Each structure stands twice: as C-alpha cells, then as structure tokens.
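Reviewing the structure listed below.
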Amino acid sequence: MATPHARAVVDLEAIAHNTALFAGRTTAQVMAVVKADGFGHGAVRVATTALASGATWLGVTTTAEALHLRAGGVSAPILSWMHSPDEDFGEALLAEIDLSVSSSDHLRAVAASAARLGTTAAVHLKADTGLHRNGARPEEWRELVELAAALETAGYVRVRGVWSHLVNGTDPAAGTLRAQIRLFDESVAVARGAGLRPEVRHVANSVATLAAPDTHYEIVRPGIGLYGVEPDPLRVFGLRGAMTLRARLILVKRVPAGSGVSYEHDYVTKRDSTLALVPLGYADGLPWAAAGRAEVSIAGRRYPVAGRIAMDQFVVDLGDDTARAGDEVVVFGPGTEGEPTVAEWAGWAGTVPHEILTGVGPRVARHYAEVPAVEEASRA
Ligand SMILES: *Cc1c(COP(=O)(O)O)cnc(C)c1O
C-alpha cells in the first residue's frame with residue numbers, strides 16, 4: 001500500500017547515461033547488476049534501460065530475482081550468484097539463467113537438476129580470492145574444476161565463466177586487489193589446465209571498472225554506479241543520481257522558542273520556529289541514525305531534520321521561513337538543485353549509499369521519468 005504523499009522518482013535517463021559511461025570506459029561487456037530490485041529502483045525497468053544503453057548481461061543474487069526479470073520480458077543473459085546446494089535449479093535452467101557455483105556439492109546439485117531436465121547448465125565457477133564469503137578456496141579449486149570438466153564431458157554443465165569478487169570497493173590501488181588479481185589469474189590457469197575453456201572472466205565492480213582497467217577481463221559488473229553514486233569518494237566520474245525521493249508536507253505549524261520536537265525532545269527550537277511534518281520515516285528507509293545531522297530541501301533551500309526520525313514521519317525546522325501543507329520536500333536527489341544526495345544521507349547515518357537506496361520501503365511508489373524516444377529527442 002503506497003502512501004499518497006511520497007514517491008521515489010527514478011530517472012531512467014540517468015540510468016542510461018551511467019550505463020553508457022561504464023560501457024565507454026571498457027572494451028569488456030557490461031553486466032548491469034540489478035539485484036535487490038535494481039538497488040530499489042525497479043529491476044525490470046533498470047534492466048531494460050541498461051540493456052538499451054550498452055549493457056549485454058544482467059547480474060542478480062537469487063534465481064527468484066532472475067526469474068522475475070524473465071517474467072518481465074528480459075531475454076538477455078542473466079547470471080544469478082547466490083544459492084543453497086539443496087535448491088531446485090530446474091526453473092532457472094529452463095529459463096536459461098546462468099548459475100554461479102562455489103563448491104563441488106553445489107556443482108553436483110546443479111548438474112543433477114540439468115540431468116533431470118535433459119539440459120546443460122551454464123555455470124560460472126566462483127573463486128574465493130580473498131573476500132572469504134562465497135567462492136571456492138584455493139585448496140578446493142582443483143577438485144572443483146576437475147569435477148566441472150568431468151560433468152562438462154558428460155554434457156550436464158558448460159563452464160561459461162570463471163569469476164570472483166573484490167574485497168575493496170573503493171581503493172583500486174590496495175594491495176589486496178593486486179593479490180586477488182594474481183590469485184584469480186592462477187585460478188583461471190588451473191581451470192584451463194583441467195580442460196575448461198571459459199569464455200568470460202569477471203571480477204570488476206563499479207569502482208574497479210572506473211579506476212582499475214586491468215581488472216576488466218571479458219565482463220565488468222557495475223552496480224552502485226549505475227544508480228549514480230560515485231563509487232570512489234576521492235574522484236568524480238560524472239555519474240548521475242537516478243533516484244529522487246520526494247514527499248508533500250502534510251502539516252505546518254508555528255511553535256515558540258524552547259519547544260522540544262519529536263520523541264525524547266532531542267531537539268529544542270532555539271527561537272520561534274515554523275515546523276513542517278514530512279510523512280516518511282524509518283519504515284520507508286530513512287535511517288533513524290541520521291537524526292541530528294540530516295537535512296532536506298524545500299523550495300530549493302535546505303533545512304535541518306528536527307529531532308528523531310520516527311517510523312512514519314519526521315519534522316523539519318524552517319526557522320522563520322514559511323511553507324504550506326502540500327508543498328514539496330526533496331529528501332534526496334542527484335544534488336543538481338542543491339538537495340541532499342544519497343551519499344550525504346549515508347554519511348549522516350554512518351552507512352553506505354547502497355543501504356539507503358535499497359532501504360526505500362514498499363510504501364513509497366516508484367515513478368519513472370522516461371528515456372525520451374529517439375524521435376522525440378531529435379525533435380526537441
Ligand atoms: C553487488 C555486486 C556487484 C556490484 O558492486 P558495486 O560495488 O555496487 O558496483 C558486483 N558483483 C557482485 C558479485 C555483487 O554482489
């Protein structure tokens with residue numbers, strides 16, 4: 001049930017711009033990462049836009065996310081990368097979803113699903129090169145690639161890719177990155193030695209795609225950058241923020257100096273003030289921890305969030321400025337009109353922009369600002 005008073009406007013032109021920016025910085029294919037409902041922007045809309053703007057692959061976490069894209073009419077190659085070995089992979093295989101595999105047990109399960117269906121599973125073997133989450137450890141790798149080679153010969157699997165994920169999302173010069181690349185190259189060599197012929201190798205996330213060209217291989221996997229968040233805090237690559245979170249003020253009132261605002265009265269007005277009520281709270285993804293620092297924009301000016309952010313609402317102190325119920329407040333946006341950005345909200349809350357974007361809750365309806373059709377654009 002969406003609140004009628006707030007919406008997240010997704011600028012598909014920004015997604016298109018950002019995808020093209022990534023594609024323009026590499027000769028590799030671009031796998032647009034649209035997990036977690038396209039980082040909260042709507043997976044199918046983002047996927048379709050990215051595919052029209054230079055991406056050729058899509059990356060998601062679960063097979064359910066991959067099947068959701070297929071149901072939305074997306075026919076491009078999709079890689080799904082997090083499963084339990086006891087999952088039934090049948091539906092994903094019938095939908096031609098590529099599956100990441102991190103262990104021999106997992107590979108046997110995927111092969112068994114393929115055998116039952118009389119099909120061949122396309123898999124990407126994942127090497128743990130140091131992140132120590134998913135992926136096979138170096139000492140498990142030889143067994144995994146030898147099993148994969150045997151199952152490939154038997155016709156149950158086809159090893160399309162070998163891949164890994166990087167430790168450091170922001171510093172491409174870090175020693176861990178160099179060590180990971182070295183271990184990755186060794187892992188690929190062991191796979192080839194076992195007779196595998198992977199067409200694609202991939203490790204690069206957004207920041208590596210922009211800043212570390214030697215990590216590109218055949219595919220890069222940008223996520224956060226597609227949505228317009230600069231992934232390297234020290235550099236500006238020209239990405240455009242795609243989501244603007246807007247709401248309408250639902251009440252404006254005047255209070256005397258010394259008025260405590262919101263739970264526990266953490267905030268007290270220093271002078272007579274105009275307070276405006278915004279109908280969004282932490283249930284809608286605005287972090288409780290951002291109180292005391294957060295700001296929003298009303299009529300092009302920034303004002304502080306006054307006191308605690310509650311589940312469904314927060315208060316803004318307008319000082320002596322005036323506003324009326326129904327006026328628009330911009331919680332965050334691309335920053336082009338002075339409004340706060342997702343990165344600022346993340347800083348205020350002590351978290352990462354990814355958490356702010358994926359946290360925008362189900363009460364906030366997504367609206368789409370379209371990519372202009374070519375004809376319209378040329379007429380304009
Ligand atoms: C989320 C994710 C990405 C994208 O990373 P960003 O830092 O958001 O660009 C790439 N690969 C994998 C495996 C991921 O889980």
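Whatever order the structure lists them in is the order used to number ligands and atoms, beginning at 1. Computed from a predicted model, the values in this text were never measured in an experiment. FYI, side chains are in, hydrogens and waters are out, and symmetry mates aren't considered; it's all heavy atoms of this structure. Along the sequence shown, residues carry numbers from 1.
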Identify, by atom number and element, the atoms of ligand 1 in contact range of Trp163, meaning under 4.0 Å from any of its heavy atoms.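 What qualifies from ligand 1 is 13 (C).
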State the atoms of ligand 1, each with its element, that fall below the 4.0 Å cut-off from a heavy-atom position in Ser206.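 The atoms of ligand 1 under 4.0 Å from a heavy atom of Ser206 are 6 (P), 9 (O).
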Looking only at distances, can you tell me whether any N or O atom of Gly223, backbone or side chain, sits closer than 3.5 Å to an N or O atom of ligand 1?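 Checking ligand 1 against Gly223, an N or O pair does fall under 3.5 Å apart.
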Phe39 versus ligand 1: do any nitrogen or oxygen atoms come within less than 3.5 Å of each other? no
Single-linkage hydrophobic cluster, 4.5 Å side-chain cutoff, Leu51 and Phe22 together: yes
So if you build clusters from Ile, Leu, Val, Met, Phe, Trp, Tyr with side-chain heavy-atom gaps below 4.5 Å, do Phe184 and Leu166 land together? yes
Please work out whether any backbone atom (N, CA, C, O) or any side-chain heavy atom from C-beta onward of Tyr227 is under 4.0 Å from ligand 1, and answer side chain, backbone, both or neither. neither
For ligand 1, note which part of Phe22 has a heavy atom under 4.0 Å away: side chain, backbone, both or neither.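 For Phe22, there is no contact with ligand 1 at all, from either part.
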Check each of Lys126, Lys35, His165, Met31 against atom 2 (C) of ligand 1 and report the one with the nearest heavy atom. Lys35
As a check for students: among Met82, Arg221, His354, identify the option with a heavy atom nearest to atom 11 (N) of ligand 1.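 Looking at heavy atoms only, the winner is Arg221.
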Is it true that atom CD of Glu143 has more than 12 heavy atoms of other residues, nucleotides or ligands lying nearer than 6.0 Å? no
Do the side chains of Arg366 and Val360 get nearer than 4.5 Å, heavy atoms only?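 Counting from C-beta outward, Val360 and Arg366 do come under 4.5 Å.
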Side-chain heavy atoms of Glu199 within contact of Glu218, under 4.5 Å: no
Looking at every heavy atom in both Asp37 and Ala43, which two are closest together, and how far apart are they?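 Between these two residues, the closest heavy atoms are OD1-N, 2.8 Å.
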